[in-house]
Structures are given as C-alpha cells and as structure tokens.
Amino acid sequence: FFFFFFFFFPTFLPSQFSRTLPLTGIPLAATVAFSLSDLSRCSHSLTLDLAAMATSAFGTTTATSNYRNGGAANARNLPKNSSVKSKTGVRKSAPGSLGGGGAASSSSKDDAGVPGRVRVAVRLRPRNAEEMVADADFADCVELQPELKRLKLRKNNWDSDTYEFDEVLTEFASQKRVYEVVAKPVVESVLDGYNGTVMAYGQTGTGKTYTVGQLGDEDMAARGIMVRAMEDILAGVSLETDSISVSYMQLYMETIQDLLDPTNDNISIVEDHKTGDVSLPGATQVEIRDHHSFLEILKLGEDHRFAANTKLNTESSRSHAILMVNLRRFVKGKDSAVSSENSSSLQTVKSLKPSVVRKAKLVVVDLAGSERIHKSGSEGHTLEEAKSINLSLSALGKCINALAENSPHIPVRDSKLTRLLRDSFGGTARTSLVITVGPSPRHRGETASTIMFGQRAMKVENMLKLKEEFDYKSLSRRLDIQLDKLIAEHERQQKIFEDEIERLTAEAERQLSDAERNYVQALEGSSPLVLYWPCYVFCFQKERSKYQKEYLESIKKLEEKWIMNQRKSVNDENKLRHKDVGSNVLPNAKESKVAPMEENPEMKKLLEKETAHRKAVEEEVWTLKTQLAESRRSEALQSSEIVKLRKMLDDEAHQKEKLEMEIGKLQSHLLQLSVEADETRRQLDSGGSEEVLSGLDSLLHQPRQPQSDNSETGDKESVAKLFEQVGLHKILSLLEAEDADVRIHAVKVVANLAAEEANQEKIVEAGGLTSLLKLLISSEDETIHRVAAGAIANLAMSETNQELIMAQGGVRLLSNTASSAEDPQTLRMVAGAIANLCGNDKLQMKLRGEGGIKALLGMVRCRHPDVLSQVARGIANFAKCESRASAQGVKAGRSLLIEDGALPWIVQNANNEAASVRRHIELALCHLAQHEANSRDMINGGAVWEMVRISRDCPREDIRSLAHRTLTSSHSFQAEMRRLG
Ligand code: ADP
Ligand code: MG
C-alpha cells in the first residue's frame, strides 16, 4: 500500500512569474532597468525565452508614492519636449504636453528601455442641451483649474476634493489641443520606433468617441485623435521604404470582431512572450498609402460596427473599439567607407553598419462606457451578458489597481482587453489616457469613479523599448552588391595590368632581340671588309658612316621607328655583303683590323645601353609582377573575409531562424499552459481559502487522475513536447542559471517532467536528480525548495531512485529543508519525498540513522492537513516495512518509530478530522500492533483505545478487521482490554 503520488506544478502560474519590486530606497527605474537588461543580455539563448516568459509585462510597476496624487509629482521630474520642427516635418509636441519628454525620442540605445509613466489627461464635456435645462439651478460637479492642472470634485456646497492630472482640458479645449496634448507625443514615439497607446475612458456620453473617433467630415476642426494621428504618421514616414497598415476591431462580450470584415467575428490574441508584443494575426490588415483611404477604412469600420451592434442588439457604448496601426520603418545603415575610392576594401567591409527595421504599433482605444461596471446588471441584461460586458472593463480596473499598488500579481489574463493592452500598462509602450467627465451633478458618482481610475492609472510606470530589428535581408543584399562591385573592379584592374605587362614584356623582348641581332650583324658585316680591303674601303667607310648615322637615329627614335630602321640597316648590310661577295680583291689585314677596333667601342656602348634598358624593363616587369601578386593576395584576403562574413551572416540567420522556431514552439506551449494555469488561477481567486487549497490540490494532482480531461492531456502533451524540443540537458542546465526567475521556471519544467513516469529515468540519467538535490542547499528561494522537493518526491517513487537519493545524502538535505521551510506546500513536498523513501525495506535503518523520521515528525508543527497527511503516509509506509521485516525475522525489538518518539503524535492524530491523515495513521497503528515488542509502549501510550475504535468505527472494512484480528490475537492487548473493562 505505498501511496505514491504525483506532484504537478502549474509551471506558468501568472502570480509566480510576476515581478515583485521591494520598496527600498533604490530608485525604481534603476531596479527595473537592471533586471530587464539582465534578461536582454542573453537575448540569443533559450535562457531569455524562459526568463522573458517568466516576466509578465504587466508585472513591471512603479512604487506607490505617498503624495496624494502621486503621479503628478513624478511627472514634474521628467524632461519636457522642446518645440522644434523635426526632420520629418512633423512639429514636435509642445512643452508641457502629456508625452513627458524626449527620453524615448532620443532613441536610447539602452536595451532596458526608458521609464515612461502612463500620462493621464482629464477632459470635461460642455453641458449639453438637456443639462442646460435640467441642471440649470445646479452648479457643475467639477471645477477645473487648468493652469494648476487640478480638478475639484464637489462633495457639497462647501467642500470638495482636489485631484491633480498631467493635463486638465476644459470644456473649451479644442480637438486640436486635445490631440496635441494627449496623443501627439505618443504618435511621435511611434514614429521613433516605440509602441504607443491612446485610450479614452469615461461614462457613456461624456465624449470618448468624440475625442477619439470623430472623423470631422463636416467640420475639419472637430477631427478626433485617430484621424489626426494618421495625418501625422503619414507626414512622418517615407512611403518608399516604410509601410503603414491598420486593423480595426471591436471587443464585445469577450469576443473580438473584425470591423473591416464582419464575417470574421472571433479573432484570437497572440502574445509574443519574448518581446511582450500582442498581435491579432487573424484581423484584416489594410495597407494605408494616403489619408483618404484611412478615412474610408474608419467609415467602413463604423458602418460595420453599427450593423454588428444592431445584429447583436447592443449599442456601441457597450463595446470597446480598437484601432491598431502597425508601422514598419526602415532605417538605413551607414556604409560611408564604400564611397571612398582610396580606402582599403577590408576597411570598407568592416565599416558597414546594418540597417534596421522598426516595427512600432499605435493602439487607439475607445472604451465602453465605464458606468457599465455598476449598472449593466440593472439594465435588464442577462446575467451572462452583464458579466461579460463588465468583465473586460473591471479586469482593466483591477490590473491598473494592481500595477498602481505594486502588487506582485497582475491579473492580466482575466480578460481579452487586459491581454490586448498588456504592453500598454506596465509594458513597453508609451501610453496616454484621456478620461472624459460630464459636468452634471447627477452623475457625480460616475465622475468620481472615473477620476479615481485616472488617478490610479497615473501611477503605472512603463518601460519604453525601441522595437528595432536588425535588417538581415538588406545587409545581406548590400553585401552581395558590394561584393559584386569589388569583384568587377578587381577583374577590370587585373586585365589592365596584365595587358600592360604583356605589352611591356613584348616590347622589351623585341627591343633586346633586335639590338642583339643588330650587333651580331654589325660584327658579321665588318669581316669581309678585313678580307677585301682596300678595294672596297671607301665604299665601306661610306656605308659605315651611313649605317652609324642611321643606327644612332634609330636608337633615338627607338620606340616608334625601331623596326623600320632595323629593316633599313639590315638591307644596307645585305647590300654591302652582296658587293663584298662579288669582288676578288684581297683585303688589307692591317686596315681591316683597325676598322672594327674603331667601331666596337660605339657598338659596345650601344649594347650596354640596350642591356641597361633591358635591365630597367626587367626590373619594371618584376615590380609590376610583385605588385600584381600583392594585389592578388589582398584580393584573396578580402574575398576570404567576405566569404567569412557571409558565412557568419548565414550562420546568424540560420541560428536566428532556429531560435525563432524554438521560441515559436515554446511560446505556443507556454500559451497553452498559461491559459490553463490561468483558468485554475481564476478558480482559485474566486474561491475561499478552503477552495484555494483544494483547487491547488487538484491542480497538483491533475495528471494522476484517471478520468483525465482534455486540458490535462494537453498539459502532459505540451510538457512532453517541450521536453523533446528543448532537450533535457538544456533544461537541466537552466537549473543553474543566474537569473532566479529562469531557475524557478526551469525547476518547474523539470518538476512537471518528473511527474511523468516515462521521463523519470531520463531525468535521473541526465543528472537531474543530483541537480535538484543541489538546489535544496544552493538556493534560498522557497519556491525553488518547494518545486525541487516536489520533483524529488516524484522521482522517489522508484526503488533505484530511492537508493540514489539516499546515497547522495538526500535525507539530510530534505531534513534541512524541512526544518527551515514555513510554506505548508513546501513542507508537504518534503514530507511526500521522505514518505516515499519510508516505503523502501532496504533503506529503513539508513533513513532513520540520517534523521528521516525526526524530520517527518518535526514537520507536524505545521498543522496543515496536506502536510500531516504526508507525514502520516510516511509513518504508515515505515511501519509497514518494519512489520514485514519483523514477520520475516529480519528485525527484532521495538519499532524505530517508537524509538524516535512518534507514538504520541500517532495516537493523538489517530482520529484526526482529515480523512487522509486518519487513514494512514490507522494503518500505521495496525502495523505497529502486529508485534509484541511494541505492545508495552502502545498500551502505555493509550493506543489500545484507538485500536478498539478502529476495529469498530473504521469505514474501511479491511482495516477494521485487521484491527480486530490484531486485538484479539495479542495477549497483552487482551489483558489490557480486560483491565480496562
Ligand atoms: P461617449 O463616446 O463617451 O459615449 P460621445 O463621444 O458619443 O460620448 O459624446 C456624446 C455627445 O456629446 C455627442 O453628441 C458628442 O458630440 C457630444 N460631445 C462630447 N464631447 C464634446 C465636446 N467636448 N464638445 C462638444 N460636444 C461634445
Ligand atoms: Mg462612444
């Protein structure tokens, strides 16, 4: 009867991954910046993904201020925008506007983002015709002091409350001013690459739609925020490189309907847990190229909204209208060195600064009337409808309250609206809220609640983050183009070079061979003269001087007339030779010897000159050759550099793709898990404390229930898939991650894996058990202790693992954890783990020797029935093993449980009101009673009474009869019973 059980952890329970900021003296912005930059540092690893998953965007909050209207105080400390014309031609917002300054527009490079509190303006609607008449005798319930940015809400004739806002817009404020103060800074941020939100909140009829959605068809001056925002966006972008697309939806009864395609009436929300971005891929997206087409879209949306609302028998004030403008801007990288001809090609490549793509989003929300929170039930709606109408708006209120109060749990998943706006409140967007109020004293209550909503929203701090991505594609394209250019240029230069070398070589060779031939011929030509002198001496001399003259001339004009002169000279020689052959006159030897002697020095000089020339040419050829080799080498170097860069780029892109795929998969699982966890969370939130415990219990036990439902199977499958996709080693390595959130999530993932019998062996093989045991000492975090102990408990179900745990000193570690833990659920897990070890016959002595029983008994200080039940289970397991050992004759003497002083607690709790505690103890008592060696202590400890009770009242037949048999077969008990009468 080993009551092995599985612990199952809600891995992504939102409350556990919301960030809690201690209210210390450290400036809040710094605290947040640090933690976020910590996360972003590992942006390319899985670590981030888990960490990012672990950080809910709504979780980043500002510390509450003591100042009554705390937000206003913060507002004053922020820098203001200057009124200068930006490059885009859009006028920058005026000083004192809601935007609060250029922190974001300065495109901070800091990954952690720029703090940006939610800005809130209040706008008062002028009295309408009815109010003019009906409230003629009454003063307005609000009084505005725009210069002090104050609003006074009248309580009665002599008393009022004062509130400060970022901006106070009187009934005379123009639509233009409202836009400039409320929305323009947000629009500018969006143009700079940050997400932005503008939202109107207030009672029906106070002017939300007027402020946000007015088209201004008849009166241009009445154009609302949506129209004006698009005008500024269109003026600020360049449509050649940038693109704008819009979606327009309404949210009614927790359903998102596409206002641009009425058939598309159930759009789902997709959240990117890494970036915190929320998108609606199912919604129609229309590309906007000009203002006219945008107005058409808004009109189409309005028509569909009217039609949809008529069909649903509702009215627009019961639905939230959401306009989403997606802006994609291309920011060209710098590659200045490319244009410079002289710079080395290597430098050129290095100086490339990649282009980036900025994908910012503007969300404009016209909320449903806020009075619906209180009144919808009384207006004859069905209960379901009333709940749904309220759900999103009250969930928004709860999130804002939680953020304003710096609460650790932000119930962001409670409604579609809060999920849609998770980046807008406590996220990375610049957010501006306009709350609209009416003047009528009859709606004072509504006005007061609107004001309170605005006041709380002012305390919400966002961390603006640039939505910028590296433009891999364009960088690769640019590298390609540049590579092609460089290659072409090199080929051209090389060709010129080679042609030139060829020309010079050929010329030099020709010159040399000509000169040599010339010389030889000159020498040959002189010999007959020697022989036939003096007959032709005159003729020779004449010829010679002619030759010399011509030759010298030919040298002078070497380049141009070389060949011609050569030919002439050769001809002359030939002629001369011809004449010599034809004569029979013997030459005068003396004379003949003188002539060459006179001629040779000049010829020699010529030859020397030619040789020098040849040398010079050779040298030049050599220099050119080395230059060519050099240039080839540098070209090769450069191409290899380019190849390397390309490869790096490919690798990066590949890596990115892989990571993105991984992230995608993880996210889809996470989404599934968090939806389910959230579901449970909601159940827990709505129940009382008892329900909470049983809810948690059912959550923890989910996978073991045989009648498993779909969601449970989904959980198992998704955890198993996660396991397959991420890889066990990777998950286990995260147990040692620096970031505590990552560690917590990793241990939860491991615990959930360990809850599956199929995974246990793999986990242990991969060293998971050792890592989990280590976590018990290395971590101080209670959650980690709880989850790790739970995982160990699950692993401790197999005998092999039990031995491993013992061998690795697990009992001492668990005992230490037990003595320091306070959380009942931690104690429950530790007790569960030890209880499993208690069921192993071989480990009895060692377990006891290492203080296992003492640790179990120590945990009863926590009176939580879950803990007591595990302690009782451990004792029952231990007693069962002991009784088996005694029966086999392996063990003699008193029970170790009695030795360690467990009996009094056993007796006291034998009739515990919790059935799970009672059942285990009844079994334990029966086992202890099997052995005579225990009977004395049992009798003295009052256990006989309990045995009697069990034998009579125990609802379980088998235990009842076991108790009965034990009592009747034992002499000591019989005697005692007789004694007691
Ligand atoms: P809501 O959307 O909050 O229900 P509406 O924008 O529909 O309210 O406004 C209700 C009525 O009041 C409309 O007729 C609108 O034209 C008028 N209105 C609202 N605000 C103003 C304002 N600031 N100046 C003039 N008329 C206004
Ligand atoms: Mg409206």
Side-chain angles (χ1 to χ4, degrees), residues 120-135 140-142 144 146 151 165 167-183 198-228 248-252 257 259 298-299 301-310 312 314-323 364-376 379 389-390 392-393 396 417 433-440 442-443 445-451 453-454:
V120 182
V122 58
R123 183 182 199 184
L124 175 65
R125 170 177 58 66
R127 281 192 180 206
N128 58 28
E130 188 213 326
E131 285 161 345
M132 294 273 197
V133 180
D135 301 334
D140 287 354
C141 72
V142 292
L144 303 183
L151 173 150
F165 284 93
E167 199 64 51
V168 167
L169 299 158
T170 67
E171 64 267 51
F172 308 112
S174 68
Q175 289 282 78
K176 179 168 182 281
R177 169 140 174 81
V178 173
Y179 170 74
E180 277 173 0
V181 156
V182 174
V198 178
M199 191 170 86
Y201 180 99
Q203 189 192 356
T204 300
T206 50
K208 295 182 297 296
T209 307
Y210 181 82
T211 303
V212 169
Q214 192 84 328
L215 297 182
D217 277 345
E218 282 139 32
D219 176 10
M220 278 288 279
R223 274 139 55 236
I225 285 173
M226 288 179 181
V227 178
R228 288 173 195 265
Y248 197 17
M249 285 92 34
Q250 81 168 356
L251 172 59
Y252 176 67
Q257 302 153 352
L259 287 177
L298 285 187
K299 278 182 204 155
E302 281 313 307
D303 290 348
H304 287 155
R305 194 176 186 197
F306 180 76
N309 292 335
T310 313
L312 292 164
T314 175
E315 36 177 298
S316 67
S317 62
R318 274 153 58 183
S319 71
H320 311 284
I322 299 144
L323 177 79
V364 185
V365 190
D366 180 4
L367 286 176
S370 59
E371 75 289 351
R372 301 284 156 195
I373 294 182
H374 318 283
K375 290 192 182 160
S376 50
E379 283 181 4
I389 292 170
N390 293 342
S392 270
L393 214 50
L396 177 65
L417 182 66
L433 174 68
V434 54
I435 58 165
T436 56
V437 294
S440 168
R442 281 174 295 152
H443 297 300
E446 304 298 351
T447 306
S449 92
T450 302
I451 289 169
F453 180 88

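Counting starts at 1 for both ligands and their atoms, following the listed order.
Of the N or O atoms in Lys208, one or more lie within a sub-3.5 Å distance of an N or O in ligand 1. At least one N or O atom of Tyr210 sits closer than 3.5 Å to an N or O atom of ligand 1.
Between Pro439 and Glu171 there is no side-chain heavy-atom pair separated by less than 4.5 Å. At least one side-chain heavy atom of Leu298 sits less than 4.5 Å from a side-chain heavy atom of Leu323.
Taking a 4.0 Å cut-off on heavy atoms, Asn128 fails to register as neighbouring ligand 1. By the 4.0 Å heavy-atom criterion, Pro126 is counted among the residues contacting ligand 1. Ligand 1 is approached by Thr204 to a heavy-atom distance shorter than 4.0 Å. The shortest heavy-atom distance from Gly205 to ligand 1 is under 4.0 Å.
Using a distance-only test at 3.5 Å, with no hydrogens or angles considered, no donor-acceptor pair links the side chain of Ser319 to the main chain of Leu251. In this structure a side-chain-to-backbone donor-acceptor pair under 3.5 Å is present from Arg125 to Gly205. Of the possible donor and acceptor atoms, none in the side chain of Lys176 sits under 3.5 Å from a partner among the backbone N and O of Arg223.
The atoms of ligand 1 that sit less than 4.0 Å from any heavy atom of Arg123 are 23 (N). The distance from ligand 1 to the heavy atoms of Gln203 drops below 4.0 Å at these ligand atoms: 3 (O).
Distance screen at 4.0 Å: atom 14 (O) of ligand 1 has no protein heavy-atom neighbour inside the cut-off.
We find the CD1-CZ distance between Ile435 and Phe165 to be 4.0 Å, quoted to the nearest 0.5 Å.
Counting all heavy atoms, side chain and backbone alike, Gln175 lies closest to Ala221 at CB-O, 3.4 Å.
The one candidate from Leu367, Val120, Val365 that meets the side chain to side chain contact (heavy atoms under 4.5 Å, CB included) condition with Leu433 is Val120.
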| Which is it for Val182 and Glu167 under the side chain to side chain contact (heavy atoms under 4.5 Å, CB included) test, yes or no, and what are the steps along the way? | CA-CA 8 Å; Val182 174; Glu167 199 64 51; over 6 Å; no
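Nearest residue to atom 12 (O) of ligand 1 from Gln175, Glu171, Arg125 is Arg125 (criterion: closest heavy atom). When Ala129, Gly202, Gly207 are checked for heavy-atom proximity to atom 8 (O) of ligand 1, Gly207 turns out nearest.
The protein heavy-atom contact nearest to atom 2 (O) of ligand 1 is Thr209 OG1, 2.7 Å.
Here Thr209 reaches the Mg ion (ligand 2): one of its N/O/S atoms is less than 2.8 Å from the metal.
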